[in-house]
Amino acid sequence: MAKATKFEEMNGFPRETITLANWRTRPYSFWSFRNVAEMVRSARIRTAHPAPLPAAVENPDLLARPAAAGASTTVAELLAQSQADSFLLSKNGRIIAEWHAENVDRGDPHLIFSISKSITALIAGILQDQGLLDPETPVGDLVPEARNSAYADATVQHLLDMRVSLDFDESYLSEEDYARYRRAMSWNPPSGKGDDEAMLSFLCSLKKADGPHGTDHCYLSPNSDMLGIVLERVTGVRFPDLCSRLLWQPLGASADAFITVDPEGAPRTAGGVSCRPHDLLALGQMLIDGGCANGNRIISQRWIADMQTGGDEEVWARGTQADFLATGRYRNNWYQVGGTSNAFLAAGIHGQFLYCDPDTSTAIVCTSSQHEPQTDAIDQPLLAMFARLSAET
């Protein structure tokens, strides 16, 4: 019998068993979510000055706390049960707790799925403040190929707020709409029928649902991929280069990020960004600090205020994600916790979170490789734990 490779010893399976058909399921996702560029063609989002990470922060007392009031499960145990890979918590800009699953290199980039939407929205906000993007412009005016699709008369703001009337089924395990979508972004193997499309062609084939744009909140990922194409069209710059110049370099990110692209180079701005958890934490801290980092103003206070307060609770309550946050709102591809909380967050399937509480100056990052795309029984205890840690630390 052949001796197991170091890769197999660390991960429990040979490298050659990971394919486009299984890379988003356990046990493979534990490795592939930290090595996406080996699975899907990816473009680099460059930082200005790569830097080593700060020394790891040991905080066994915090990790040993009950994850919820009166619970026997600790913070560390809940993270492990949730198939989390990395967890970081900062207070007033200083990391006070850090946890990583066994065999996770803390410097690895991690796929953050739909947190990518929130990053894309930051780029849209910067361009808006520069006078290069009017959020009330119809998408069809900016992307002529979309004039026969649902997006023809949808505005950029409709994309940002997930209020597009779109005939599309956001069912992550669907063998129809979503499988076709994933083939277009090169995340699934080809169908073998010779009918696969690239991203733009797929997006421009989508038709309008019943009802006008701008009514209920309906979370549909193609909207954010179309937003990425819009940003490239209004600037004439590829999205990874745009994100590097406007966000990643001014942020002082410690390492390059990556974004998956389709065969034509279209960016997966709805879910294809990978980055170090520490750099994602720095992004959250930048927003808590009013849009500034390293002496650079990156995001305007106007945009942050609009993101925090511009969402509509009634629209949220009628929408497709009302169970995710009981009193929530949604604005500019960011979630607001709502109720008495001023916290806001970005989230992605398979357990990705960036939780920001400006009232306590707390930022929390959790990256995961959960087997299922979305499970309320896992997400809700994590969100409750983030709120508890934010209030108590």
Side-chain angles (χ1 to χ4, degrees), residues 114 116-118 120-125 127-128 132-172 174 176-178 180-181 184-185 197 199-234 266 269-271 302-303 305-336 338 344 346-347:
S114 288
S116 309
K117 296 177 172 69
S118 304
T120 303
L122 295 180
I123 304 303
L127 295 177
Q128 184 181 348
L132 297 175
L133 180 67
D134 180 353
E136 298 307 317
T137 305
V139 172
D141 289 359
L142 303 171
V143 184
E145 299 96 320
R147 287 176 181 166
N148 292 320
S149 74
Y151 293 110
D153 58 343
T155 67
V156 174
Q157 193 65 55
H158 290 148
L159 300 180
L160 286 161
D161 292 342
M162 293 293 179
R163 297 178 71 178
V164 176
S165 176
L166 189 67
D167 184 12
F168 181 78
D169 180 14
E170 184 94 359
S171 296
Y172 300 116
S174 166
E176 297 180 2
D177 277 2
Y178 223 83
R180 179 184 160 214
Y181 179 33
M185 67 182 79
E197 310 146 283
M199 181 75 74
L200 181 59
S201 175
F202 169 79
L203 295 174
C204 293
S205 74
L206 298 177
K207 301 303 179 185
K208 203 169 185 178
D210 294 336
H213 301 304
T215 52
D216 290 348
H217 171 81
C218 188
Y219 186 91
L220 297 170
S221 290
N223 296 336
S224 295
D225 287 316
M226 180 58 80
L227 178 62
I229 291 170
V230 164
L231 301 184
E232 291 190 335
R233 294 297 177 88
V234 299
T269 46
R302 177 209 64 79
W303 188 91
D306 180 55
M307 177 269 287
Q308 288 187 269
T309 64
D312 189 312
E313 290 182 2
E314 292 184 2
V315 168
W316 173 265
R318 296 194 306 265
T320 57
Q321 290 185 296
D323 291 342
F324 178 56
L325 295 169
T327 58
R329 302 186 305 275
Y330 192 86
R331 179 69 168 176
N332 291 333
N333 284 152
W334 286 80
Y335 299 92
Q336 297 80 45
F344 55 91

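As the structure is a computational prediction, the values presented were derived from the model and not from experiment.
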Are the side chains of [X] and [Y] in touch, meaning some heavy atoms are under 4.5 Å apart?
{"X": "V143", "Y": "L200", "value": "yes"}
{"X": "S221", "Y": "K117", "value": "yes"}
{"X": "Y178", "Y": "S171", "value": "no"}
{"X": "L220", "Y": "V164", "value": "no"}
{"X": "R331", "Y": "D306", "value": "yes"}
{"X": "T327", "Y": "W316", "value": "no"}
{"X": "L227", "Y": "N333", "value": "yes"}
{"X": "S205", "Y": "R180", "value": "yes"}

Side-chain ([X]) to main-chain ([Y]) donor-acceptor, under 3.5 angstrom:
{"X": "S224", "Y": "T269", "answer": "no"}
{"X": "Q336", "Y": "G328", "answer": "no"}
{"X": "K207", "Y": "N148", "answer": "yes"}
{"X": "R329", "Y": "V315", "answer": "no"}

Item to complete: Return yes if a side-chain donor-acceptor contact under 3.5 Å exists between Q157 and N332, otherwise no.
Response: yes
Discussion item. Is it the case that the side chains of Y219 and S114 hold a donor-acceptor pair, with the cut-off being a distance below 3.5 Å and no angle test?
Written reply: yes
So, for [X] and [Y], which heavy atoms are closest and what is the spacing to 0.1 Å?
{"X": "S118", "Y": "A346", "result": "OG-CB, 3.2 Å"}
{"X": "L122", "Y": "W334", "result": "CD2-NE1, 4.0 Å"}
{"X": "A322", "Y": "A317", "result": "CB-O, 3.7 Å"}
{"X": "L133", "Y": "A124", "result": "CD2-O, 3.7 Å"}
{"X": "R147", "Y": "A152", "result": "O-CB, 3.3 Å"}
{"X": "P135", "Y": "Q128", "result": "CG-NE2, 3.6 Å"}

Practice prompt. Answer yes or no: is there an ion pair linking R318 with D216, defined by an N-O contact shorter than 4.0 Å?
Written response: yes
Can you tell me how far the [atom1] atom of [X] sits from the [atom2] atom of [Y], to the nearest 0.5 Å?
{"X": "M226", "Y": "L206", "atom1": "CE", "atom2": "CG", "answer": "8.0 Å"}
{"X": "E313", "Y": "H217", "atom1": "CD", "atom2": "NE2", "answer": "13.5 Å"}
{"X": "F344", "Y": "T309", "atom1": "CZ", "atom2": "OG1", "answer": "11.5 Å"}
{"X": "L132", "Y": "D134", "atom1": "CG", "atom2": "CG", "answer": "11.5 Å"}

Fill in: Test log, rule side-chain contact (heavy atoms from CB on, under 4.5 Å), inputs S165 and H158
CA-CA 9 Å; S165 176; H158 290 148; over 6 Å; no
Practice prompt. Go through the steps for H213 and T155 under the test side-chain contact (heavy atoms from CB on, under 4.5 Å), then give the verdict.
Written response: CA-CA 8 Å; H213 301 304; T155 67; over 6 Å; no
Worksheet item: For E136, does the CD atom sit with more than 12 other heavy atoms under 6.0 Å from it, leaving out its own atoms?
Response: yes
Practice prompt. Please name the residue in the list L142, N223, I229 that meets the side-chain contact (heavy atoms from CB on, under 4.5 Å) test with Y151.
Written response: N223
Practice prompt. Please assess D225 against Y181 for the test side-chain contact (heavy atoms from CB on, under 4.5 Å), listing each intermediate value before the final yes or no.
Written response: CA-CA 11 Å; D225 287 316; Y181 179 33; 2.3 Å; yes
Fill in: Working for side-chain contact (heavy atoms from CB on, under 4.5 Å), residues E170 and M162
CA-CA 12 Å; E170 184 94 359; M162 293 293 179; over 6 Å; no
